[in-house]
Amino acid sequence: MSVKVYGIKNCNTMKKTFDYLDSKGVDYEFIDYKKQKPSFDLLNKFLEKTELGQLVNKKGMTYRKMDEQQRKDLEQKETAVPILAENSSMIKRPIILYPDTSLTLGFDEELISEKL
C-alpha cells in the first residue's frame, strides 16, 4: 500500500510518523508544506473529509500568536483556507491520505494501523 503523507519534515510528530510507517514497511510519498505550499484545492479536498476544527493545529505557536480576529477567521472555511495555505504550520500534522481517499489527522498509531 502506498500513502501520501503531508506535513513539515522537522516536526517531531512527523518523525514519529515516518519511523512508524518505515517500521511497518509502508510505501509513502511525503509532501513537505515548507517546499510545496498546500493549494486551496488540496485544503478543500481535506475539508470534504474532515471538519475545519480538526484540520487547524491549535496547539502550535503560530496559532497561539494570533489575535482574536485571526482566530475567528479560522472558524469559517472561506476565510480559513487562505490563512492555512499561507501558514501551513497551522495545519494538523501529519495528514495521511490513503488509496481509498480517506485520511487521518495527527499521529494516532492505532488509527493508522487500522487504515493500513
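Just so it is clear, the values below take in all heavy atoms, side chains as well, and ignore hydrogens, waters and symmetry mates.
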Item checked: Shared hydrophobic cluster for Leu43 and Tyr63 (ILVMFWY, side-chain gaps under 4.5 Å) -> yes
Would you say the side chains of Lys115 and Ser102 form a donor-acceptor pair under 3.5 Å?
yes
Using atom types as modelled and distance alone, determine if a side-chain donor or acceptor of Gln70 lies under 3.5 Å from a backbone N or O of Asp67. yes
Next item on the list: Report yes or no: does Lys49 contribute a side-chain atom to a donor-acceptor pair with the main-chain N or O of Thr101 at less than 3.5 Å?
Entry: yes
Value for SG (Cys11) from OH (Tyr33), rounded to nearest 0.5 Å, stands at 11.0 Å
Exercise. Given side chain to side chain contact (heavy atoms under 4.5 Å, CB included), test Glu109 with Phe107 step by step and report yes or no.
Key: CA-CA 6 Å; Glu109 193 172 312; Phe107 180 71; 4.0 Å; yes
- Run the numbers on Leu103 and Ile96 for side chain to side chain contact (heavy atoms under 4.5 Å, CB included), then give the verdict. CA-CA 5 Å; Leu103 54 85; Ile96 302 176; over 6 Å; no
- Between the side chain of Arg93 and the main-chain N/O of Met14, is any donor-acceptor distance below 3.5 Å? no
Answer with yes or no whether the hydrophobic clustering places Leu105 together with Met90; edges join I, L, V, M, F, W, Y residues whose side-chain heavy atoms lie under 4.5 Å apart. yes
CZ of Arg71 to CD1 of Ile83, rounded to nearest 0.5 Å, is 12.0 Å
In this structure, CG of Leu84 is separated from NZ of Lys92 (nearest 0.5 Å) by 13.0 Å
Residue pair Asp19, Lys15: steps toward the salt bridge (Lys or Arg N to Asp or Glu O under 4.0 Å) verdict:
CA-CA 6 Å; Asp19 289 345; Lys15 290 175 185 175; over 6 Å; no
If Ile, Leu, Val, Met, Phe, Trp and Tyr residues are connected whenever their side-chain heavy atoms lie under 4.5 Å apart, and connections chain through other members, are Leu97 and Phe18 in the same group? no
Between Ile112 and Gly106 the two heavy atoms that sit nearest each other are CD1-O, 4.3 Å
### Query
Can you tell if the side chain of Ile8 reaches within under 4.5 Å of the side chain of Ile91, non-hydrogen atoms only?
no
### Query
For Leu21 and Leu116, what are the C-alpha separation, side-chain angles and deciding distance, and is it a side chain to side chain contact (heavy atoms under 4.5 Å, CB included)?
CA-CA 10 Å; Leu21 294 174; Leu116 295 174; 4.2 Å; yes
Query raised in the report: Does atom CD of Glu86 have more than 12 heavy-atom neighbours, drawn from other residues, nucleotides or ligands, at distances under 6.0 Å?
Result: no
| Given Met66 and Leu74, is the side chain to side chain contact (heavy atoms under 4.5 Å, CB included) satisfied, shown in steps? | CA-CA 10 Å; Met66 296 183 107; Leu74 286 169; 3.5 Å; yes
Is there a continuous path of hydrophobic side-chain contacts, each under 4.5 Å between heavy atoms, that joins Val26 to Leu111? no
Measure the shortest side-chain to side-chain distance between Val5 and Ile31 over non-hydrogen atoms and say whether it is less than 4.5 angstrom. no
| message | Using a 3.5 Å distance criterion without hydrogens, assess whether the side chain of Ser88 forms a donor-acceptor pair with backbone atoms of Ala85. | response | no
If you define the side chain from C-beta out and look only at heavy atoms, does anything of Ile95 sit under 4.5 Å from Thr104?
no
Going by atom types only, do Asn44 and Glu48 share a side-chain donor-acceptor pair under 3.5 Å?
no
Practice item. Would you check if the side chain of Thr50 reaches a backbone N or O of Leu47 as a donor-acceptor pair within less than 3.5 Å? Key: no
Paired with Tyr6, the ring pair (Phe, Tyr, Trp, His ring centres under 6.0 Å) test is passed by just one of Phe30, Tyr28, Phe46, namely Phe46
Check your understanding: Is it true that a side-chain atom of Asn87 and a backbone atom of Ser89 form a donor plus acceptor pair closer than 3.5 Å?
Key -> no
For Asn57 and Gly60 the tightest heavy-atom approach is OD1-N, 3.4 Å
